[in-house]
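All remarks here apply to the structure that follows.
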Amino acid sequence: MGGWAIAVHGGAGVDPNLPPQRQEEAKQLLTRCLNLGISALRSNASALDVVELVVRELESDPLFNSGRGSALTEKGTVEMEASIMDGSKRRCGAVSGLTTVKNPISLARLVMDKSPHSYLAFSGAEEFARKQGVEVVENEYFITADNVGMLKLAKEANTILFDYRIPVAGGACGVGVENPLQMNGLPISVYAPETVGCVVVDGEGKCAAATSTGGLMNKMSGRIGDSPLIGAGTYACELCGVSCTGEGEAIIRGTLAREVAAVMEYKGFKLQAAVDFVIKHRLDQGKAGLIAVSNSGEVSYGFNCNGMFRGCATEDGFMEVGIWE
């Protein structure tokens with residue numbers, strides 16, 4: 001065994017003109033979350049407990065797009081989704097369409113541990129949450145003033161905004177800027193979603209993964225992305241744990257997270273080689289990134305866009321937080 005390892009992300013696809021203050025805020029949050037996970041791992045917490053702990057922290061901070069600070073639907077509401085997977089037994093739990101659950105990742109964990117199912121959504125998930133006694137809040141808790149303003153811009157431009165927090169010269173978030181990027185054949189504006197995720201291998205070599213998001217700004221009500229889909233946005237098995245971020249529809253088509261495990265299993269690739277292969281060959285024209293750990297204590301990441309908010313650490317003392325290449 002190579003010891004424990006942890007990686008965390010706050011989304012792939014970053015505006016190259018991201019203000020330095022925003023960059024620093026993101027790095028501070030990622031560092032805080034890494035240190036939280038490191039402390040838990042040093043106390044012999046399980047991989048599954050650590051990924052839930054770290055993603056809860058990310059959901060509680062409005063900087064990235066999950067929990068409080070989630071993107072708004074076309075109706076001005078928040079619909080959140082999350083998933084978690086235990087690689088040692090390939091158990092999983094997922095939720096979608098949450099409007100009042102304060103920490104979606106913990107409800108996903110309860111779906112895995114306390115229900116006969118793997119995935120609950122919308123009113124059924126909300127009902128399950130109340131039966132389990134998890135903390136719930138009004139939908140307004142998740143809505144920030146920044147996001148209200150960005151939804152207005154998205155509606156004025158009649159588009160989906162990916163990069164909904166970053167102003168650019170000549171307008172906010174690329175509204176009105178001609179862009180060749182498409183989603184399912186339809187034009188979109190700027191590419192930079194901010195889903196959050198965490199992957200961990202613990203001291204026993206057990207892997208786990210967790211992912212959480214509010215989705216796309218101005219998305220259709222009822223839209224489900226890759227984050228709650230096991231094998232697409234999240235996957236863990238005996239070999240590795242993977243969490244993805246980026247263009248959800250492309251990640252779904254490529255079953256991106258599962259592909260990392262598959263090329264390790266069937267091609268015999270090491271972790272970084274598997275990540276590089278999947279990013280290069282399984283995204284078609286989509287833009288995305290992912291973080292991954294292996295059962296031997298390796299940690300890796302990859303992306304094919306301008307940048308990815310990410311951090312990683314290993315038991316031997318290595319620690320890195322970055323945004324760009």
- Message: Under 4.0 Å between a side-chain nitrogen and a carboxylate oxygen: does that hold for E249 and R253?
- Response: no

- Message: Using 0.5 Å steps for rounding, measure from the CG atom of L98 to the CG atom of L107.
- Response: 6.0 Å

- Query: Does a sphere of radius 6.0 Å around CZ in R56 hold more than 12 heavy atoms from other residues, nucleotides or ligands, not counting ones at 6.0 Å or beyond?
  - Reply: no

- Task: Report yes or no: does N139 contribute a side-chain atom to a donor-acceptor pair with the main-chain N or O of V78 at less than 3.5 Å?
- Result: yes

- Query: Within the side chain of S39, is there an N or O that forms a donor-acceptor pair under 3.5 Å with the backbone of N35?
  - Reply: no

- Message: If we count only N and O atoms by modelled type, under 3.5 Å, do the side chains of S221 and E79 hold a donor and an acceptor together?
- Response: yes

- Query: Out of curiosity, T77 OG1 to E140 CD, how far, rounded to the nearest 0.5 Å?
  - Reply: 10.0 Å

- Say whether, by atom type as modelled, one donor and one acceptor occur between the side chain of N65 and the main chain of G215 under 3.5 angstrom. yes

- Message: Under a plain distance cut-off of 3.5 Å, with no hydrogens placed, do S300 and Q272 share a side-chain donor-acceptor pair?
- Response: yes

- Item | Geometric class of the H281/F277 ring pair [parallel <30°, tilted 30-60°, perpendicular >60°] | tilted

- Query: If only atom types and distance count, is the side chain of N304 paired as donor or acceptor with the main-chain N or O of A288 below 3.5 Å?
  - Reply: yes

- Item | Closest heavy-atom pair and its distance - A47, C207 | CB-C, 4.1 Å

- Using distance alone, with no hydrogens and no angle criterion, decide if T99 and E126 have a side-chain donor and acceptor under 3.5 Å apart. yes

- Task: Check the hydrophobic clustering (I, L, V, M, F, W, Y; side-chain heavy atoms under 4.5 Å; chains of links allowed) and say if L48 and I6 are grouped together.
- Result: yes

- Item | For N295 against E238, the heavy-atom pair lying closest together | ND2-O, 3.0 Å

- Are L239 and L290 connected in a single hydrophobic cluster, I mean Ile/Leu/Val/Met/Phe/Trp/Tyr linked by side-chain heavy atoms less than 4.5 Å apart? yes

- Item | Exercise: do T100 and R130 side chains pair donor with acceptor under 3.5 Å | yes

- Item | same_hphob_cluster(V8, I84) at 4.5 Å side-chain heavy-atom cutoff | yes

- Does Y301 have R310 sitting over its ring (NZ/CZ under 6.0 Å from centre, angle to axis within 45°)? yes

- May I ask you to test the T73-M220 pair for a side-chain heavy-atom distance under 4.5 Å? no

- Message: What I want to find out is whether K206 reaches D86 closely enough, with some N-O distance under 4.0 Å, to be called a salt bridge.
- Response: no

- Message: Test your reading of the model: is there a side-chain donor-acceptor pair from H117 to the backbone of V111, 3.5 Å cut-off?
- Response: no

- Item | Heavy-atom pair with the smallest gap, counting every atom of V242 and A292 | CG2-CB, 4.1 Å

- With no hydrogens and no angle check, do the side chains of S106 and E52 hold a donor and an acceptor under 3.5 Å apart? yes

- Task: May I have the step-by-step check of side chain to side chain contact (heavy atoms under 4.5 Å, CB included) for V54 and L58, ending in yes or no?
- Result: CA-CA 6 Å; V54 169; L58 288 162; 4.3 Å; yes

- Item | Carboxylate-amine/guanidinium contact R109 D49, below 4.0 Å | yes

- Message: Give me the atom names and distance for the closest heavy-atom approach of A209 to A236.
- Response: N-CB, 4.0 Å

- Query: Does N147 use its side chain to pair, donor to acceptor, with the backbone of S70 at less than 3.5 Å?
  - Reply: yes

- Report yes or no: does D202 contribute a side-chain atom to a donor-acceptor pair with the main-chain N or O of E204 at less than 3.5 Å? yes

- Message: Can you confirm whether the side chains of N103 and E59 place a donor and an acceptor under 3.5 Å from each other?
- Response: yes

- Got a salt bridge between R32 and E57, using NZ or NE/NH1/NH2 to carboxylate O under 4.0 Å? yes

- Query: Which atoms form the tightest heavy-atom contact between F318 and E320, and what is the distance?
  - Reply: CZ-CB, 3.6 Å

- Determine, stepwise, if the pair L36 / L53 fulfils side chain to side chain contact (heavy atoms under 4.5 Å, CB included). CA-CA 8 Å; L36 185 67; L53 176 70; 3.8 Å; yes

- Query: Does one side chain, of T213 or S66, offer a donor that lies under 3.5 Å from an acceptor on the other?
  - Reply: no

- Mind checking the CD-CE spacing from E325 to M308? Nearest 0.5 Å is all I need. 9.5 Å

- Query: Does a side chain donor of either T211 or S243 reach within less than 3.5 Å of an acceptor in the other side chain?
  - Reply: yes

- Message: Among L256, T255, I252, which residue satisfies the side chain to side chain contact (heavy atoms under 4.5 Å, CB included) criterion with L229?
- Response: I252

- Message: In the structure I gave you, are the side-chain heavy atoms of L72 and I143 within less than 4.5 Å of one another anywhere?
- Response: yes

- Query: Quick one: SG on C237 to CD on E265, what's the gap to the nearest 0.5 Å?
  - Reply: 7.0 Å

- Message: To the closest 0.5 Å, what do you measure between OG (S60) and NZ (K102)?
- Response: 6.0 Å

- Do the ring planes of F64 and F309 sit parallel (below 30°), tilted (30 to 60°) or perpendicular (above 60°)? tilted

- Message: With side chain to side chain contact (heavy atoms under 4.5 Å, CB included) as the criterion, how do E127 and L120 come out once you've worked through the C-alpha distance, each side chain's angles and the decisive distance to 0.1 Å?
- Response: CA-CA 10 Å; E127 181 180 355; L120 293 176; over 6 Å; no

- Would you give the length of the straight line joining atom CE of M85 to atom CZ of R91, rounded to the nearest 0.5 angstrom? 10.0 Å

- Can Y119 and S96 be counted as having a side-chain donor-acceptor contact under 3.5 angstrom? yes

- Nearest heavy-atom contact between G76 and L151 is CA-CD2, 3.5 Å

